[in-house]
Amino acid sequence: MSSPSNNRVRATIVGSLPKPTWLAAPGKLFPPWRLDGAALAEGQEDAVRLWVSAQERAGLDCITDGEQRRRHYIWGFFQGLEGIDTAHLAMRAQRAQRYHKEIAAARLVAGPEYRGPIFVDALRATLAMTDRPVKVTLPGPMTIVDSLADTIGGRSEAQLAMRFAELLNLEARALSAAGAAVIQFDEPCFNVYVDKVQDWGMTALERAAQGIIAKKAVHICYGYGTADVKRWKDANTDWSHYEQTLPLLAKSSIDQVSIETAASGVDVGVIEAIRDKEVMLGVVDVGNEAVETAEIVAERLRHALRYIDPGHLYACTDCGMLPRSRQAAEGKLHSLAAGAALINAAL
Ligand code: ZN
């Protein structure tokens with residue numbers, strides 16, 4: 001990597017962006033598609049093109065397909081596996097009941113087995129639209145196990161997570177070989193079950209990321225910016241989760257860590273523990289429609305620069321922007337890049 005990029009703050013997003021209204025109902029987490037068959041494939045392709053272009057126009061350094069081809073960040077992976085039923089759901093407690101008592105979960109009915117590459121064709125299509133580095137997101141093993149109703153039984157959570165880690169690794173290797181710049185594992189559960197992160201979560205994450213050429217990233221957040229999550233955040237007083245997980249990540253092979261700071265009470269100083277990694281710092285709140293100014297983004301980045309070097313810092317969203325309006329998401333993309341540019345101009 002050339003030295004200029006090593007010395008400047010870059011900009012990216014966690015992953016998801018809102019679906020256009022002609023593709024799926026806006027503001028929902030599991031919206032059904034409004035198209036099917038060939039029309040759906042064409043609509044998804046158009047939606048990806050729209051968001052690739054928006055991220056380029058905004059000036060992001062690393063882009064995603066906005067997860068326009070998946071109904072949900074976990075189910076996109078599930079639907080490519082053998083043994084998971086995403087049609088007949090089961091209610092179960094998830095995320096230690098932090099946000100809801102119970103929530104509908106896909107069911108593990110066999111295996112699971114890997115049928116072959118799931119997102120590789122989608123990645124190739126995105127790479128053909130842009131010269132920018134492209135990130136692909138996958139659900140992390142701990143979050144998968146917490147989001148699935150296991151109807152088979154006989155395996156501990158840790159054993160099941162390791163099985164999913166093996167399958168994730170096959171997909172991550174295929175994506176990496178096809179040209180993904182970054183493979184990101186989404187692990188919101190790392191902020192919920194901090195003891196399990198130490199016991200087996202890190203081991204499963206390392207297994208999922210083993211041997212890939214692309215940069216290895218992990219996204220750890222306090223959930224989407226939905227009303228239930230916001231209610232929990234407003235009432236929460238303990239923000240010590242990253243203090244326990246980031247030192248573990250500091251010792252790992254993971255290259256990039258995405259953390260949420262804009263809409264949480266987290267002290268930005270926690271990033272000092274991972275100053276040798278690249279930090280995707282959440283400086284944009286995904287829980288409201290108000291677009292941060294570039295100056296607010298720059299101020300949050302400036303605060304972070306007390307703890308890490310600019311070349312290790314990305315201006316990033318707190319989480320996915322799936323629940324936001326297109327207008328707000330576009331505005332926030334611009335603020336991320338413009339805020340980073342303000343910092344870089346002053347460096
Ligand atoms: Zn998130």
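Indexing begins at 1, ligand by ligand and atom by atom, following the structure's order. Each residue takes its place number in the sequence, starting with 1. Note that this is a predicted model, so its numbers are computed, not measured.
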### Task
Scan side-chain atoms only and decide if E67 and T137 contain a donor-acceptor pair under the 3.5 Å cut-off.
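Yes, because at least one side-chain N or O of E67 sits under 3.5 Å from a partner of the opposite role on T137.
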### Task
Taking 2.8 Å as the upper limit, name the protein N, O or S atoms near the Zn ion (ligand 1).
H219 NE2, C221 SG, C319 SG
Side-chain donor-acceptor distances from residues 37-47 under 3.5 Å, at least two apart:
{"residue": "E45", "atom": "OE1", "partner": "R69", "partner atom": "NH2", "Å": "3.1"}

## Note on the structure
Closest non-hydrogen atoms of R326 and L50, given as atom of the first, atom of the second and distance, are NH2-CD1, 3.6 Å
### Query
In chain order, what residues pass the side-chain hydrogen bond (donor to acceptor under 3.5 Å, both in side chains) check against Q79, with sequence neighbours excluded?
T86
Donor-acceptor contacts, no H, no angles, side chain residues 160-183, under 3.5 Å, sequence neighbours left out:
{"residue": "R163", "atom": "NE", "partner": "P112", "partner atom": "O", "Å": "3.2"}
{"residue": "R163", "atom": "NH1", "partner": "E166", "partner atom": "OE1", "Å": "2.8"}
{"residue": "R163", "atom": "NH2", "partner": "P112", "partner atom": "O", "Å": "3.1"}
{"residue": "R163", "atom": "NH2", "partner": "E113", "partner atom": "OE1", "Å": "3.0"}
{"residue": "N169", "atom": "OD1", "partner": "R173", "partner atom": "NE", "Å": "2.7"}
{"residue": "N169", "atom": "OD1", "partner": "R207", "partner atom": "NH1", "Å": "3.3"}
{"residue": "N169", "atom": "ND2", "partner": "R207", "partner atom": "O", "Å": "3.4"}
{"residue": "N169", "atom": "ND2", "partner": "A208", "partner atom": "O", "Å": "2.8"}
{"residue": "N169", "atom": "ND2", "partner": "Q210", "partner atom": "O", "Å": "2.8"}
{"residue": "E171", "atom": "OE1", "partner": "Y114", "partner atom": "OH", "Å": "2.6"}
{"residue": "E171", "atom": "OE1", "partner": "I118", "partner atom": "N", "Å": "2.9"}
{"residue": "E171", "atom": "OE2", "partner": "I118", "partner atom": "N", "Å": "3.2"}
{"residue": "E171", "atom": "OE2", "partner": "F119", "partner atom": "N", "Å": "2.7"}
{"residue": "R173", "atom": "NH2", "partner": "Q210", "partner atom": "O", "Å": "3.1"}
{"residue": "S176", "atom": "OG", "partner": "I213", "partner atom": "N", "Å": "3.1"}
{"residue": "S176", "atom": "OG", "partner": "A214", "partner atom": "N", "Å": "2.9"}

### Message
Is the distance from the ring center of Y242 to that of Y222 below 6.0 Å?
### Response
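So the answer is yes for these two rings.
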